[in-house]
K.L.:
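Submitted below is the structure of interest, expressed as structure tokens.
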Number of protein chains: 2
Amino acid sequence: MLQEAHASPTFSPLYRQIKSLILQGLESGEWRPGESIPSETELASRFGVSQGTVRKAIDEMAAENLLVRRQGKGTYVASHNDDDPRLMFRFLRLVSEGGKLEASQSVPLECWRAKAGQEAARTLGIKLGAPITIIRRLLKFSAKPVVIEEIYLPGETFAGLTLEVLQEYQGSFYGLIESRFGVRMIRAEERLRAVAADRGSATLLGVAAGSPLLSVERVSFTYGDKPVEWRRGLYSTADHYYLNELF
Amino acid sequence: MLQEAHASPTFSPLYRQIKSLILQGLESGEWRPGESIPSETELASRFGVSQGTVRKAIDEMAAENLLVRRQGKGTYVASHNDDDPRLMFRFLRLVSEGGKLEASQSVPLECWRAKAGQEAARTLGIKLGAPITIIRRLLKFSAKPVVIEEIYLPGETFAGLTLEVLQEYQGSFYGLIESRFGVRMIRAEERLRAVAADRGSATLLGVAAGSPLLSVERVSFTYGDKPVEWRRGLYSTADHYYLNELF
DNA sequence: GAGTGGTCTAGACCACTCC
DNA sequence: GAGTGGTCTAGACCACTCA
């Protein structure tokens with residue numbers, strides 16, 4: 001079953017093999033977001049390795065935000081539907097000028113089907129003309145509109161997504177995607193530029209047309225580095241800023 | 001010397017105590033950037049703990065980019081004067097539209113002394129009116145100006161810094177700071193906004209006045225979370241973008 | 001008190017680098 | 001071949017959670 005540690009020319013340490021076995025369990029849905037995975041000793045005996053080896057595998061996955069360890073309780077599959085708002089809005093980097101944490105509110109505006117254009121097809125890795133779902137929404141902080149964004153999703157996977165569903169759901173967008181469609185976002189890339197506000201966006205955000213806005217383009221990935229979301233947001237950075245930590 | 005693992009109410013595991021001992025060695029200059037620290041076995045016997053405990057301490061420090069492990073050779077103090085450009089320009093997130101790696105070139109414009117104003121004093125944690133050094137410089141990619149920035153440094157520490165020194169130095173700015181003044185940047189926070197180009201910046205960047213620019217404000221920290229640099233950059237994002245990975 | 005993750009140890013062996 | 005970091009094991013004990 002398991003590769004001998006040093007037998008192969010494409011050498012991969014045992015704990016990485018264990019890691020990818022656990023990953024398989026996550027991908028296949030054997031352990032769902034929010035649930036606990038088996039204990040370290042249980043996994044060790046199941047895979048026929050020592051507890052320390054399982055531990056190292058889990059350590060890495062916890063560092064990648066795939067798993068969450070809770071001492072005395074167990075190890076859990078990370079979820080966007082968590083009590084902790086830092087996990088819930090993991091990907092939102094926008095902070096108010098004062099620095100205090102503000103509750104953000106999502107206001108879905110539209111949701112419709114379309115066919116993938118050149119760019120959407122390329123970034124989402126689907127065929128040109130394949131069905132996609134597009135969402136337009138507004139993000140408000142303290143009742144003030146701060147972000148307007150469009151979200152592009154591969155249509156096959158998200159067939160049941162409607163404006164009503166979006167309006168009803170309490171919690172983060174990724175929480176919805178996860179619990180309703182079983183798709184877990186685990187990683188994203190953002191490309192930031194400064195752009196001038198077009199008329200429509202300016203009106204929605206309550207700024208003058210042509211005023212500078214922060215353009216944030218995001219591609220999100222699920223297991224296996226598969227892209228499953230492409231979005232473009234325009235951020236009004238008068239009273240808020242995009243915070244990034246560098247290490 | 002070392003705290004018994006479980007004796008104190010302010011419990012701190014052994015490997016964290018080892019970690020802070022190694023950190024002391026870095027802060028005090030016992031081991032300098034680019035040099036190797038003693039081997040794990042050596043440190044283990046010196047601190048009277050097992051190799052595994054030292055290993056865990058070093059693991060964390062390597063994850064924080066304070067140390068670099070090199071199998072078969074040893075563990076080295078991370079440096080901004082490294083062959084690897086990913087370490088050299090660790091904090092620069094700007095990428096050209098094509099995505100290909102471009103050589104960036106720094107063009108120092110001015111360097112003068114001043115007294116800290118309200119904002120500089122607060123962010124750098126120094127007294128109002130304390131001496132500071134200000135640098136203005138241009139960053140070029142493929143000979144095109146893309147970034148104009150001003151850098152504020154607490155003056156005491158960087159007394160010998162002049163325009164000539166900046167012009168002569170080959171390598172990254174943090175490399176210079178590190179080798180010439182012994183100050184290691186280990187962490188930074190960036191605040192991003194979209195702003196309109198003022199006349200002067202527009203001219204230098206070769207864009208129209210009023211066109212949108214990405215404002216990047218950075219505070220850099222050295223050991224002990226002490227702020228030692230405040231800079232504000234204006235990025236022209238016509239042919240480049242700011243790339244950020246989210247996990 | 002049973003079960004979980006968290007820490008620490010001691011020892012064996014492998015992979016890599018350099019002489 | 002000597003020395004370094006990298007992997008793996010087995011076992012002990014601690015801290016935390018929950019019933």
K.L.:
CG of B:L43 versus C1' of D:dG3: gap in Å, rounded?
P.N.:
15 Å
K.L.:
What is the distance from CD of B:E40 to C1' of C:dA10, rounded to the nearest Å?
P.N.:
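Result: 15 Å.
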K.L.:
Whole-Å distance between D:dT4 C1' and B:D59 CG?
P.N.:
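Rounding to the nearest Å, CG of B:D59 and C1' of D:dT4 are 15 Å apart.
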K.L.:
Below the 4.0 Å mark, does D:dC8 have OP1 or OP2 next to a side-chain nitrogen or oxygen of A:K56?
P.N.:
no
K.L.:
Rounding to a whole Å, what distance do you find between B:I22:CD1 and D:dG5:P?
P.N.:
11 Å
K.L.:
Near DNA chain C, which residues from residues 60-76 of chain A have a heavy atom under 4.0 Å away?
P.N.:
A:R69, A:R70, A:Q71, A:G72, A:K73, A:G74, A:T75
K.L.:
Nearest to the side chain of B:P13, which nucleotide is it out of C:dT7, C:dT4, D:dC8?
P.N.:
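Output: C:dT7.
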K.L.:
Could you tell me whether B:R232 and B:E190 make a salt bridge, using a distance below 4.0 angstrom between a side-chain N and a carboxylate O?
P.N.:
no
K.L.:
Would you call B:Y223 and B:L26 a side-chain contact if the rule is heavy atoms closer than 4.5 Å?
P.N.:
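Yes; the side chains approach each other to less than 4.5 Å.
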K.L.:
Under 6.0 Å from the six-membered ring centre of B:F221 and within 45° of its axis: does the NZ or CZ of B:R187 meet both?
P.N.:
yes
K.L.:
Could you check which nucleotide pairs with D:dC16 in any of the strands shown, counting Watson-Crick or G-U wobble with both distances under 3.5 Å?
P.N.:
C:dG3
K.L.:
Can you tell which of C:dT7, C:dT4, D:dG6 lies closest to the side chain of A:T41?
P.N.:
C:dT4
K.L.:
Indicate the ring-plane relationship of A:Y242 and B:Y242, choosing parallel, tilted or perpendicular according to the 30° and 60° boundaries.
P.N.:
perpendicular
K.L.:
B:S39 side chain: which of D:dG5, D:dC8, C:dC8 is closest?
P.N.:
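Given the options D:dG5, D:dC8, C:dC8, the side chain of B:S39 is closest to D:dG5.
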K.L.:
To the nearest Å, how far apart are B:Q51 CD and D:dG6 P?
P.N.:
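From B:Q51 CD to D:dG6 P: 10 Å.
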K.L.:
Should the heavy atoms of other residues, nucleotides or ligands under 6.0 Å from CD of B:E245 be counted, would the total exceed 12?
P.N.:
yes
K.L.:
Please examine the side chains of B:R137 and B:I151, heavy atoms only from C-beta on, and report whether any two atoms are closer than 4.5 Å.
P.N.:
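B:I151 reaches B:R137 side chain to side chain.
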K.L.:
Whole Å only: how far is the CD1 atom of B:I18 from the P atom of C:dT9?
P.N.:
8 Å
K.L.:
Can you tell me the distance, in whole Å, between the CD1 atom of A:I58 and the C1' atom of C:dT4?
P.N.:
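The answer, rounded to whole Å, is 11 Å.
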K.L.:
Rounding to an integer number of Å, can you tell me how far B:Q17 CD sits from C:dT7 P?
P.N.:
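So the CD-P distance, B:Q17 to C:dT7, works out to 12 Å.
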K.L.:
When you compare the side chain of A:E60 with that of A:R16, does any pair of heavy atoms fall below 4.5 Å?
P.N.:
yes
K.L.:
Report yes if a side-chain nitrogen or oxygen of A:S50 is closer than 4.0 Å to either non-bridging phosphate oxygen (OP1 or OP2) of D:dC8; otherwise report no.
P.N.:
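Negative; the distance criterion is not met.
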K.L.:
Between A:T53 and D:dT7, does any side-chain N or O lie under 4.0 Å from OP1 or OP2?
P.N.:
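Looking at the OP1 and OP2 atoms of D:dT7, neither is under 4.0 Å from any side-chain N or O of A:T53.
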